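Written below as structure tokens is the structure these notes are about.
The sequence lines fix the lettering, A, B, ..., with proteins before strands; numbering per chain opens at 1. All values reported here derive from a predicted model rather than from experimental measurement.
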Amino acid sequence: MEKASETPPFSRDARARLQGSLLAWYDRTYRELPWRTPPRGGENGDTPGADPYRVWLSEIMLQQTTVATVIPYYRAFLSRWPDVAALARAPLDDVLHAWQGLGYYARARNLHRCARQIVSQWGGRFPSREADLRALSGVGPYTAAAIMAIAFGQKATPVDGNVVRVTARLFCVSTALPHARAEIEALAGTLTADRRPGDFAQAMMDLGATVCTAKKALCVHCPWKGDCRAHARGTPLDYPRKTAKKKKPTRHGVAYWLRRPDGDVFFQRREEKGLLGGMMGIPMSPLEEQKIGPNAAARFAPVAGDITFLSGVVIHVFTHFRLELMVCVLVPRVGDDIPGMWVRESHFSDIALPTLMKKIISHVRVNGLQ
DNA sequence: CACGCGTGGCC
DNA sequence: TGGCCAAGCGT
């Protein structure tokens, strides 16, 4: 396994050159973002550490999520909960509601749990040791390293998708992902600067986000073009190598729009674990590989009643499968005795609904019978 | 450790 | 248009 890369790590001098040119590039091209503190620039100037709460909040939101998507959510959270104590005091439902549409809802539950951990275990102040950060809910190796570097100014190497790509190209790592992960992390660690660790970490990510991107390598603008081995070969887009992905399957299901005579609609909280965990939604059948016929759809209904199938289907694409959902209106024949809540349409905006549920609501508006 | 977990934008 | 991608984590 020790064929680490096609080319060996850089010498001490080369590393110093790489660090200097990247930091200079960062100062020159600095992008302002709501959670950032500007680089002081200059000689040995370390950027003053940012508020750990803001760094943490932004990093959790940015997990697998684009900057443009995160910005409005980040502003809303920070304005509503300015510090970790405020967030810890909030009811979980409020946090989930504020998170709706952002996806990966386990992050929101872990965020809330983490806020309470900070208050109960650390007196409301973020710990400044990587191991203590790692013990917090929702904080993994990447986020712990990011907080260490950006908020506490400590030498640490957060390795996100950008850093993986930049590093794989710089060294021409021949091993394919995800197997190459450890190897790439080790190589990335050899680059990390002692000075301005927070700026260096963000510079690596910015480089991957704006210059050394997945689909384009704008090597002309890259501060590392003189040392990059993939650029020297003229094949930067060949890295990082990846193993082929499986094709995304389609799964089928039925969603039940339970409507009472007064017009209220039935919602229930989804189980904490699993798809859209902890969010509100209308009842759904189990998801199957095959289309679900009318008989099975009636059999899966949560209560007895008159069923009307709406025309069309709701299509929603998740990370690991494509969902094709039939929607039927169900007028319960008997009183409700299943756990959940009846919600007036004018109050839909009060409950935490994932995007799939909003699509279903829209589908009923368009195709539903009044 | 491979997999489950959202959503929106891009070509 | 379908596949790929985006500042990963928990199990």
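Lys246(A) comes within contact range of the sugar-phosphate backbone alone, with a heavy-atom separation under 4.0 Å but no base atom that close.
Listed pair Arg165(A) / dA6(C) meets the phosphate criterion, a side-chain N or O lying under 4.0 Å from OP1 or OP2. Within the structure, a side-chain polar atom (N or O) of Lys242(A) is placed less than 4.0 Å from OP1 or OP2 of dC5(C). The shortest distance between the side-chain N/O atoms of Gln63(A) and the OP1/OP2 oxygens of dA7(C) is not below 4.0 Å. Between dG8(C) and Thr143(A), no contact under 4.0 Å exists linking OP1 or OP2 to a side-chain N or O.
Atom name C1', nucleotides dG6(B) and dC4(C): the rounded distance is 15 Å, in whole Å. Spacing between dC5(B) and dG2(C) at atom P, rounded to whole Å, works out to 22 Å. dG10(C) and dC1(B) have their C1' atoms separated by 12 Å, with the value rounded to a whole Å. Comparing the same atom, C1', in dC5(C) and in dT1(C) gives a spacing of 16 Å after rounding to whole Å.
Counting to the nearest Å, the P atom of dG8(C) and the CG atom of Leu133(A) are 17 Å from each other. Lys245(A) has its NZ atom 6 Å from the P atom of dC4(C), to the nearest Å. Straight-line distance from the CG atom of Leu276(A) to the P atom of dG4(B): 15 Å, rounded to whole Å.
Closest approach to the Tyr105(A) side chain among dG6(B), dA7(C), dG10(C) is made by dG6(B) (side chain taken as heavy atoms from C-beta onward). Taking every side-chain heavy atom of Met205(A) into account, dA7(C) is the closest of dG6(B), dC5(B), dA7(C). The nucleotide whose nearest atom lies closest to any side-chain atom of His320(A) is, among dA6(C), dG4(B), dC9(C), dG4(B). Relative to the side chain of Lys215(A), the nucleotides dG3(C), dA7(C), dG6(B) differ in distance, and dG3(C) lies closest. Between dG6(B), dA6(C), dA7(C), one nucleotide has an atom nearer to the side chain of Leu275(A) than all others, and that is dG6(B). Set against dC9(C), dT7(B), dA7(C), the side chain of Pro141(A) has dC9(C) as its closest nucleotide.
Cation-pi geometry between Arg229(A) and Phe10(A) is satisfied (NZ or CZ under 6.0 Å from the ring centre, within 45° of the ring normal).
Not a single donor-acceptor contact under 3.5 angstrom links the side-chain atoms of Tyr142(A) to the base of dG8(C). With hydrogens and angles left out, the side chain of Thr65(A) and the base of dG6(B) share a donor-acceptor pair within 3.5 Å. You won't find any donor-acceptor pair under 3.5 Å spanning the side chain of Thr319(A) and the base of dG4(B), going by distance alone.
For the pair Arg181(A) and Glu185(A), the salt-bridge criterion is met [side-chain N within less than 4.0 Å of a carboxylate O].
Nearest-nucleotide positions on DNA chain C for Lys273(A) and Arg36(A) put Arg36(A) closer to the 5' end.
Aromatic pair Tyr26(A)/Phe200(A): centroids not less than 6.0 angstrom apart. When ring centroids are compared, Phe348(A) and Phe267(A) come within the 6.0 Å threshold.
Just one residue in the list Tyr73(A), Phe77(A), Trp81(A) forms a ring-ring contact (aromatic ring centres under 6.0 Å, His included) with Trp99(A), and that residue is Phe77(A).
Applying the Watson-Crick and G-U wobble criteria (two distances, each under 3.5 Å), dC1(B) pairs with nothing in any strand.
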